[in-house]
Amino acid sequence: MTRLRISAVCATALLSSLLLARVHPFGDAGLYTPNPSPAPIMEHSSVPPQVRDLLTAKCADCHSTQTRAPLYGRLAPISWFMERDILEGRKHMDLSAWDTYTSDQQQTLQAKIIQQTRAGKMPLPQYRNIHRNSAITAADLQLLTQWAHQSSPLATDPSQPLPTEGSAVQGKLVFEKRCTGCHSLAQNREGPNLSGVFGRTSGQAPGFTYSPALQNAHIVWNELTLDRWLTDPDAYLPGNNMDFHVAKPQERRDLIRFLKESAAPNSSTP
Ligand code: HEC
Ligand code: HEC
């Protein structure tokens, strides 16, 4: 008698869970619509096969349209939270569309991939708990770092024109394109607030947690130090957390000029 009632309750719960999964409060990720041509991600890019395999195995479920949809994803409310993560992940970085990103966008994403994995933020913990093998290992991180370093043009590329004096107008454009992924002139983000950074001692943005390397460096940011930092942060200050560099000398000059002018007391901060 009671056993019958328990089974009835279970069946009802299962049925309503299945039905509720047809509702998509956070959006429909299209998980169970058949995908006729599951093309491998980054297929036509210059991304090394090992890196591609790594990103496919550990990241593509949320960061591409090649999501492997599990059975439990048919059950609400699991389905809802899964869809939320997937749609949000694709919005931030869609590996299926890698080839359509500009090389600047690719470089910024590479830097963010390293930053997010090194900080243990990606793959998301709720995913790692289920997919035990998806945690990023030290070897993975090394592979990703190597990839980022290899694929950016060399600072000494002779085909690049010699830099002329920096332009703050150009520098602002470069800043918006390359730096605002992590920095702003108004607040701390993944990187510290850069308002007034020119002329300031390193590691001083209030409320930002710096690496010990930068915290203890006591560098004053000027033309010379900023140029060295932006050329190759790792060579300048080993152990720092900024996985990004600007290879082109002209872009560095423009950026530095922009940072200098926006730090001047009589200029309005953009
Ligand atoms: C379970 C889904 C999920 C998995 C798996 C996952 N991510 Fe994410 N990722 C997200 C979501 C959601 C966001 C956006 C919100 C946030 O940052 O937490 C995000 C954001 C990011 C960002 C930030 C992009 C930006 O523009 O700021 C990067 C970089 C990233 N993920 C890299 C990775 C890498 C590398 C992997 C694999 C090692 C990975 N993610 C695995 C869901 C996921
Ligand atoms: C992938 C994220 C990321 C990108 C992109 C990035 N930065 Fe950073 N930046 C950081 C982080 C993180 C730190 C702090 C490093 C540390 O604590 O070791 C930092 C620190 C700095 C500092 C030192 C600030 C201080 O208070 O001492 C400067 C200057 C700087 N960045 C300039 C730039 C410029 C200019 C660009 C664009 C060309 C840029 N960064 C792009 C993440 C980034």
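Remember, it's 1-based here, ligands and their atoms both numbered in the order they're listed. Just so you know, these numbers use all the heavy atoms, side chains as well, and skip hydrogens, waters and symmetry mates. This is a predicted model, so every value here is computed, not measured.
Atom CD of Q187 is separated from atom CG of L194 by 11.5 Å, given to the nearest 0.5 angstrom. How far OG of S167 is from CD of Q250: 8.0 Å, rounded to the nearest 0.5 Å. Going from atom CD of Q126 over to atom CG of D85 covers 4.5 Å, rounded to the nearest 0.5 Å.
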Can E88 and R84 be said to form a salt bridge (charged side-chain N to carboxylate O under 4.0 Å, His left out), step by step? CA-CA 6 Å; E88 195 58 28; R84 184 193 56 185; over 6 Å; no
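Cluster annotation: I219 is connected to V246 through the hydrophobic network of ILVMFWY side chains, with a link wherever side-chain heavy atoms come within less than 4.5 Å.
Atoms of ligand 2 lying under 4.0 Å from at least one heavy atom of L255, given by number and element, are 38 (C). Each of the following atoms of ligand 1 lies closer than 4.0 Å to a heavy atom of E88: 12 (C), 14 (C). Per-residue contacts place Q115 under 4.0 angstrom from the following atoms of ligand 2 (heavy atoms of the residue considered): 1 (C), 2 (C), 12 (C). Near K58, with a cut-off below 4.0 Å to any heavy atom, the atoms of ligand 1 are 5 (C), 37 (C), 41 (C). Heavy-atom contacts of A111 reach the following atoms of ligand 2: 1 (C) (cutoff under 4.0 Å). Close contacts of ligand 1 with T117, meaning ligand atoms under 4.0 Å from a residue heavy atom, involve 35 (C), 38 (C). In summary, the atoms of ligand 1 found under 4.0 Å from a heavy atom of Y127, numbered by their order in the structure, are 1 (C), 5 (C). If you number the atoms of ligand 2 from 1 as listed, the ones under 4.0 Å from a heavy atom of S202 come out as 27 (O). Close approach of ligand 2 to N240 is summarised as follows: ligand atoms under 4.0 Å from at least one heavy atom of the residue are 18 (O). Close approach of ligand 2 to G191 is summarised as follows: ligand atoms under 4.0 Å from at least one heavy atom of the residue are 10 (C), 11 (C). Residue E190 approaches ligand 2 through these ligand atoms, each under 4.0 Å from one of its heavy atoms: 12 (C). Taking every heavy atom of I113 and a limit of under 4.0 angstrom, the matching atoms of ligand 1 come to 29 (C), 35 (C).
For a threshold of 3.5 Å applied to N or O pairs, the pair formed by K112 and ligand 1 contains at least one separation below that value. Residue N241 has at least one N or O atom closer than 3.5 Å to an N or O atom of ligand 2. Ligand 2 has an N or O atom lying under 3.5 Å from an N or O atom of R200, backbone or side chain.
You'll find the side chain of N241 stays beyond 4.5 Å of the side chain of Q115, heavy atoms only. Looking at N222 and L226, their side chains never come closer than 4.5 Å, going by heavy atoms from C-beta outward. Between I256 and W221 the shortest side-chain heavy-atom distance does not fall below 4.5 Å. Between R90 and S64, the closest side-chain pair of non-hydrogen atoms is not below 4.5 Å. Residues L143 and P48 fail the side-chain proximity criterion, which asks for heavy atoms closer than 4.5 Å. Counting only heavy atoms from C-beta outward, the side chains of L185 and F175 approach each other to under 4.5 Å. Considering only heavy atoms from C-beta on, T225 stays 4.5 Å or farther from V220 through its side chain. With a 4.5 Å cut-off on side-chain heavy atoms, E223 and F198 count as touching.
Only the side chain of I136 comes within 4.0 Å of ligand 1, judged by heavy-atom distances. Residue-level proximity to ligand 2 for V246 is carried by the side chain, the only part with a heavy atom below 4.0 angstrom. Contacts between P192 and ligand 2 below 4.0 angstrom, taking non-hydrogen atoms only, involve the side chain exclusively.
Electrostatic pairing of D243 and R118 counts as a salt bridge here, judged by a charged N lying under 4.0 Å from a carboxylate O. Electrostatic pairing of K58 and D140 counts as a salt bridge here, judged by a charged N lying under 4.0 Å from a carboxylate O. For the pair R178 and E251, the salt-bridge criterion is met [side-chain N within less than 4.0 Å of a carboxylate O].
Ring pair W98/Y101 is perpendicular by interplanar angle, where above 60° counts as perpendicular and below 30° as parallel.
Nearest to atom 30 (C) of ligand 2 among the protein's heavy atoms is W229 NE1, 3.4 Å. Scanning the protein heavy atoms around atom 12 (C) of ligand 1, the nearest turns out to be D85 O, 3.4 Å. Y210 OH, 2.6 Å is the protein heavy atom nearest to atom 26 (O) of ligand 2. At the top of the distance list for atom 29 (C) of ligand 2, counting protein heavy atoms only, stands L226 CD2, 3.6 Å. Protein heavy atom in closest approach to atom 18 (O) of ligand 2: S211 OG, 2.5 Å. If you check which protein heavy atom lies closest to atom 36 (C) of ligand 2, you get C179 SG, 2.8 Å.
For atom 27 (O) of ligand 2, the nearest non-hydrogen atom from the set F258, F208, W221 belongs to W221. Among V174, L194, T108, the residue whose heavy atom lies closest to atom 32 (C) of ligand 2 is L194.
Residue C182 does not count as close to atom 8 (Fe) of ligand 2, with no N, O or S atom under 2.8 Å.
Other residues, nucleotides and ligands contribute more than 12 heavy atoms inside 6.0 Å of the CD atom of Q215. The number of heavy atoms from other shown groups lying within 6.0 Å of CZ (R189) is above 12.
Angle NE2(H183) to atom 8 (Fe) of ligand 2 to SD(M242): 170° [nearest 10 degrees].
Within the 4.0 Å heavy-atom cutoff, D243 does not count among the residues contacting ligand 2. In this structure, H245 does not count as a contact residue of ligand 2, since none of its heavy atoms falls inside 4.0 Å of the ligand. The closest approach between a heavy atom of G203 and any atom of ligand 2 is below 4.0 Å.
Scanning both residues, W80 and V23, for their nearest heavy atoms gives NE1-O, 3.1 Å.
Looking at R252 and T231, their side chains do bring a donor and an acceptor atom within 3.5 Å of each other.
For atom 8 (Fe) of ligand 1, the set of protein N/O/S atoms nearer than 2.8 Å consists of H63 NE2, M122 SD, ordered by chain and number.
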